[in-house]
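Worksheet: the structure to be examined is printed underneath.
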2 protein chains.
Amino acid sequence: MDQVEIFKALSNKTRLQILNWLKEPEINFPGQAEHVGFEDGVCVGQIQLKTGLTQSTISEYLSLLQRAGLVQSVRKGQWTYYRRNEAAFETLSQLILTKV
Amino acid sequence: MDQVEIFKALSNKTRLQILNWLKEPEINFPGQAEHVGFEDGVCVGQIQLKTGLTQSTISEYLSLLQRAGLVQSVRKGQWTYYRRNEAAFETLSQLILTKV
DNA sequence: TTGGTATATCGGGAAATTCCGATATATATT
DNA sequence: AATATATATCGGAATTTCCCGATATACCAA
């Protein structure tokens with residue numbers, strides 16, 4: 001867990017926004033087809049739509065968040081679903097109190 | 001308290017190092033004259049010496065950390081002493097659990 | 001006032017980040 | 001196979017960050 005990489009990942013308004021939206025996917029991404037559910041998270045396209053930035057940008061932001069360990073992803077068919085890694089935030093919260 | 005600014009401030013190895021050193025000034029800055037004490041923190045020159053970077057860089061890093069609210073400073077004579085703002089870290093730790 | 005020391009600010013080159021459009025890849029459908 | 005859709009990757013312009021040397025400012029001492 002590279003502290004600097006984590007803080008860099010969090011140093012962007014759009015990425016913070018995405019992380020926050022992913023706390024309540026059913027509320028923030030009502031557009032995601034009902035039959036899909038939110039167990040695996042939200043697909044890239046839904047997130048992209050909501051940010052208004054381009055698909056390539058959001059795809060890169062999401063994989064950056066994943067490299068930092070803040071989200072996890074699953075590929076299902078042509079979709080990739082991203083969800084928060086809550087454990088990482090708890091670890092980070094503690095890390096700030098003990099190691100920063 | 002601007003989240004992005006705080007995370008940017010933490011997105012640098014040297015600045016994280018400085019914050020960590022400031023947790024135990026007496027251990028990490030034995031060079032600071034005894035009669036001065038550490039109540040107000042550590043002066044810029046001591047921090048600069050320990051990092052090996054230039055004076056201007058460290059002066060800027062410290063004021064950046066201060067703008068982010070992570071440290072506080074006092075000017076005493078020709079010296080400026082910097083110390084951690086522990087409350088900011090506690091707030092940040094909580095903020096990660098609730099707002100990120 | 002003159003000179004010395006500590007810190008802050010300025011200007012800038014190199015590297016990293018932001019975000020884009022174009023293109024490639026993966027999967028599903030027909 | 002051909003087509004369509006979702007995502008990933010590539011190349012790059014604009015901006016920001018990193019860190020420097022030079023210079024300015026603040027304070028102290030003689």
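Letters A, B, ... mirror the listed sequences (proteins, then strands); counts begin at 1.
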Which nucleotide wins on minimum distance to the side chain of [X], given the candidates [options]?
{"X": "A:T54", "options": "C:dA26, C:dT7, C:dC20", "result": "C:dC20"}
{"X": "A:K8", "options": "C:dT7, D:dT9, C:dT17", "result": "C:dT17"}
{"X": "A:C43", "options": "C:dC10, D:dT7, D:dC28", "result": "D:dT7"}
{"X": "B:S56", "options": "D:dC19, D:dT5, C:dC10", "result": "C:dC10"}
{"X": "A:L53", "options": "D:dC19, D:dA26, C:dC20", "result": "C:dC20"}
{"X": "A:R75", "options": "D:dC19, C:dA6, C:dT27", "result": "C:dT27"}
{"X": "B:T14", "options": "D:dC19, D:dT7, C:dT7", "result": "D:dC19"}

Donor-acceptor contact below 3.5 Å, side chain [X] vs main chain [Y]:
{"X": "A:Q48", "Y": "A:L53", "answer": "yes"}
{"X": "A:R84", "Y": "A:L22", "answer": "no"}
{"X": "A:S11", "Y": "A:F7", "answer": "yes"}
{"X": "B:Q3", "Y": "B:I96", "answer": "no"}
{"X": "A:Q55", "Y": "A:G45", "answer": "no"}
{"X": "A:R83", "Y": "A:N85", "answer": "no"}

Between [N] ([atom2]) and [X] ([atom1]): distance, integer Å:
{"X": "A:L64", "N": "C:dT18", "atom1": "CG", "atom2": "P", "result": "7 Å"}
{"X": "A:D40", "N": "D:dT7", "atom1": "CG", "atom2": "P", "result": "13 Å"}
{"X": "B:Y81", "N": "D:dC27", "atom1": "OH", "atom2": "C1'", "result": "13 Å"}
{"X": "A:R67", "N": "C:dA16", "atom1": "CZ", "atom2": "C1'", "result": "13 Å"}
{"X": "B:K13", "N": "D:dC19", "atom1": "NZ", "atom2": "P", "result": "11 Å"}
{"X": "B:Q78", "N": "D:dC27", "atom1": "CD", "atom2": "C1'", "result": "5 Å"}
{"X": "B:Q48", "N": "C:dT5", "atom1": "CD", "atom2": "C1'", "result": "13 Å"}
{"X": "B:Q32", "N": "C:dA6", "atom1": "CD", "atom2": "C1'", "result": "13 Å"}

Please determine whether a side-chain nitrogen or oxygen atom of [X] lies at a distance below 4.0 Å from atom OP1 or OP2 of [N].
{"X": "B:S59", "N": "C:dA8", "value": "yes"}
{"X": "B:N12", "N": "D:dT17", "value": "no"}
{"X": "A:T57", "N": "C:dC20", "value": "yes"}

Exercise for review: Specify the residue among B:S11 and A:Q55 whose closest nucleotide of DNA chain D lies further upstream toward the 5′ end.
Suggested key: A:Q55

Point to revise | Comparing A:S73 and B:W79 on DNA chain D - which has the more 5′ nearest nucleotide | key: A:S73

Point to revise | Which residue lies more 5' along DNA chain C, comparing A:E60 with A:K76 via nearest heavy atoms | key: A:E60

Revision key, fill the gap. When B:Y82 and A:G77 are each assigned the nearest nucleotide of DNA chain C, the 5'-most assignment goes to B:Y82

Practice item. Using a 4.0 Å heavy-atom cut-off across all strands, classify B:T80 as base, sugar-phosphate, or nothing. Key: sugar-phosphate

